[in-house]
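Here the structure comes first, spelled out in structure tokens, and everything after it is commentary.
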Amino acid sequence: MKINSLISCARSLLLAAGLSVAGVAAASEAVVSADWLAAHLDDPNVRVVEVSVEPGKFERAHIPGAVNFRWHTELVDPVRRDIAPREQWEQLLSTAGIGPDTTVVLYGDNNNWFAAWGAWIFRYYGHADVKLLDGGRNKWEADRRPLSSRPVRHAATEYRVSETQPGLRARLADVLAVVEGERQAKLLDIRSPAEFEGRIFAPPGVQELAIRAGHVPGAKNVPWGSVVRDDGTFKSIDELRALYAGNGIDGSEPVIVYCRIGERSAHSWFVLSQILGYDAVQYDGSWTEYGNSVGVPISNPAGTVWGGT
Amino acid sequence: MDRVRQFGRRADLEPGRHGVGRHLSRSLALRIMVPAALVAGIVLCALRLDGAAGLGRDPVFTVFAGAAFGILLQRSRFCFFCILRELFEERDARGALGILVALAVGSLGYLVVLQPWLPDPGVGRLPPDAHIGPVSWVLVAGGLSFGLGMVLSGSCISAHLYRLGEGSTLSPFALLGTVAGFMLGFLSWNSLYAGTLSSAPEAWLPAMLGYGGAAALQGGLLLALALVLLLWVRWPEPTDASPTGSPPTPATLARRVFVERWPTWLGGIGIGVLGFLAYLRTEPLGVTAELGSRARTLAEQLGWVQGRLPGLDAFAGCATVVIDALMTPNGVFILALVAGALAAGVASGNFRPRRYPWHRYLLALLGGVLMGWGAMVALGCTVGVLLSGISAFAVSGWVFAAATTVAVWGGLAANQLTGSWPQAEQARVR
């Protein structure tokens, strides 16, 4: 009886230990826990950057010492529908006091939606050391960790982009090449099942949409939210592997991931490439480009027709 | 002596003068019990909403800010129309000075908040969430319509909300008209946006003059207006018979706090402080977002408004979006405002439902329509555009203020000529 209890106890301990390692995607170096960040807030080599969807959140309160990147003006080139031009990016990072060797920890609201998109741009412009705060802003707040509304001005740097990584980005032609069998890759659609199946053109309340509903032929649907737990933290590496493997994505082939306008998909791109280490690239033109393009095939299981009855 | 004064007579608060117990009237008991229950209810609601989904980060603050706003509005009779009416018809500028105090205090507070939020105001960005609207003839038209609606219905939207807490039977009709006016605004939005609003400048004083210049200009304007009012004002004879020099008794203090109208300057200080605290913690003070959003949702369900109103959701201000949530932050704020005003109204004896001739209800409805349309195309009302906008150094706030003031002046002048327009409900209550 005693031996049985001991074995049971040991098994429980082992299980708990195993879960605590496997249960935190932060085992990946691309993700840091709130505890880690709290211990490194005063580290001059660490710069915390908030990229929240909602304007005004950062200003009201943010992680002490963090700087604010505004996605709708600072991370984009609105005229070209493109990510921020190189000079604008260099200026932004210089003002934030980021150097080429700085460890950048991004976080934001909505489970790091646009923070992950910011991480994709950091990686695109060749910055090596980029991490996400696990659980983002929601988790930090839920844990009742300290926030500050005091502005911090970091000593400016002279940031220069040394290399870009255009290979992290898929274009319409790349996606079409896969659809037409000229190139081997997996296509991953991370929108909601209703969008994927063509039952709706865009999520409720969203204005930017395509005139066709459905998805890129051959794409698999793994909604972005399925990679996080209820508290917004990433699922364990094993769980993530299993989730994608169940949809035929196991890292043996390159993955092209897309959503509606290319920002939510950055979250899944981050999981695939930075946490799981798969060869994943992001198609930021996404469904608003593909679904509107002339002469390209789509898959529309629901058969919804724009303006039709 | 009017009915309100009778209700708030001294004996109600000094039962001891006529024998404790016997003369503790039922009305006095109600005037203590009902507000106490309401305040307890407000506190309980705040505690229940703590952590509720969809209500922003700070529902507790939202509830208390709404209740405080309702109490401040009711106790200081912070009704824009009544204040302008007292100014134009009686040369009593105390209320108008109260508005200037609210704007001065609010501006100072916003200045403290804005400078760290947007250290360089000249970079081309606007402070997040602040009510800085496009300046064009549409804003002027909206202000004129809103001002005329105030004259016809007897109050602005925020005052109608606090008058719900005073048992006004006109205010529900005015607010119903406001919803209809919002719908008309949605119907006219697309052509106004395409023709004018899309290219109208969102003028922000600090972007043009820096924080120092903006503060100097706005402070100077407020000071100049205050001086004009002080020179023009006809000060009323002092009516307070309380002896000077002797310390106030608890009863007279209680009367001053709970029964008598607070000086508008005092309400102005409170509203100014509440304004920048609200901006700091949640969102700028505004009372039309919920009304407008509910109107838009209803209009969509009725098929009167198409799903897309270009550009509307991109503007800061009392944005009107389709909502399906049971509760929104602004909705909670409005409910708390009415509850706070009800508590203050009952406690002071101002809760007095009464019936009016039928044409008054029709005018309230019509005035509400004009206010709703004006608030929709101006992206807010006297609270969102005027109070919060001017406090945030928005040119749109000043333009709206000027347009509504001109409309009220014109409406009152027309009233004097014809003598046929209604008296504002409880306009002269002190």
Side-chain angles (χ1 to χ4, degrees), chain A residues 50-62 64-76 78 88 91-92 95-96 109-111 136-145 147-154 156 200-209 211 230-232 306-307, chain B residues 50-51 53-54 56-59 61-62 110 112-121 123-132 190 193 276-284 293 296-297 300-301 306-317 319-325 328-329 388 392:
Chain A
E50 174 164 338
V51 188
S52 277
V53 180
E54 269 186 54
K57 276 206 166 169
F58 174 90
E59 288 83 352
R60 287 185 173 86
H62 50 259
V67 293
N68 188 26
F69 282 6
R70 300 161 183 88
W71 64 268
H72 56 289
T73 52
E74 290 174 330
L75 298 186
V76 295
Q88 182 179 323
Q91 181 60 44
L92 184 66
T95 307
D109 57 3
N110 282 26
N111 295 340
R137 189 177 170 115
N138 292 358
K139 181 78 164 58
W140 186 273
E141 286 183 15
D143 289 350
R144 304 280 193 267
R145 290 182 184 273
L147 294 164
S148 168
S149 55
R150 286 189 187 155
V152 178
R153 186 161 293 183
H154 300 287
I200 56 175
F201 288 85
V206 166
Q207 295 194 348
E208 305 86 358
L209 42 74
I211 62 162
D230 288 343
D231 65 356
W306 172 254
Chain B
D50 193 10
R57 286 184 54 229
D58 226 338
F61 176 82
T62 302
Y110 263 71
V112 171
V113 175
L114 289 175
Q115 279 186 307
W117 282 21
L118 198 54
D120 182 355
V123 291
R125 281 193 292 272
L126 295 174
D129 301 340
H131 283 186
I132 297 154
N190 283 357
Y193 179 75
F276 76 81
L277 284 181
Y279 180 53
L280 175 66
R281 295 299 302 274
T282 52
E283 59 186 9
S293 295
R296 183 169 168 185
T297 308
E300 281 215 353
Q301 285 169 351
Q306 295 296 317
R308 301 185 67 179
L309 294 173
L312 179 59
D313 299 336
F315 281 124
T320 49
V321 294
V322 174
I323 46 177
D324 51 12
T328 65
S388 299

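Residue numbers start from 1 in every chain, and the chains themselves are labelled A, B, ... in the order their sequence lines are given, proteins ahead of strands.
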Worksheet, complete the sentence: Here the gap from B:R125 atom CZ to A:E74 atom CD, rounded to the nearest 0.5 Å, amounts to 4.5 Å
Fill in: Option that, when pairs with chain A are counted at under 4.5 Å, heavy atom only, ranks first among B:P128, B:G124, B:P119
B:P128
Fill in: Short side-chain to backbone donor-acceptor contact, A:R60 and B:Y279, under 3.5 Å
yes
Worksheet, complete the sentence: Looking only at A:E54, A:R70, A:R153, the option with the highest number of non-hydrogen pairs under 4.5 Å against chain B is A:R70
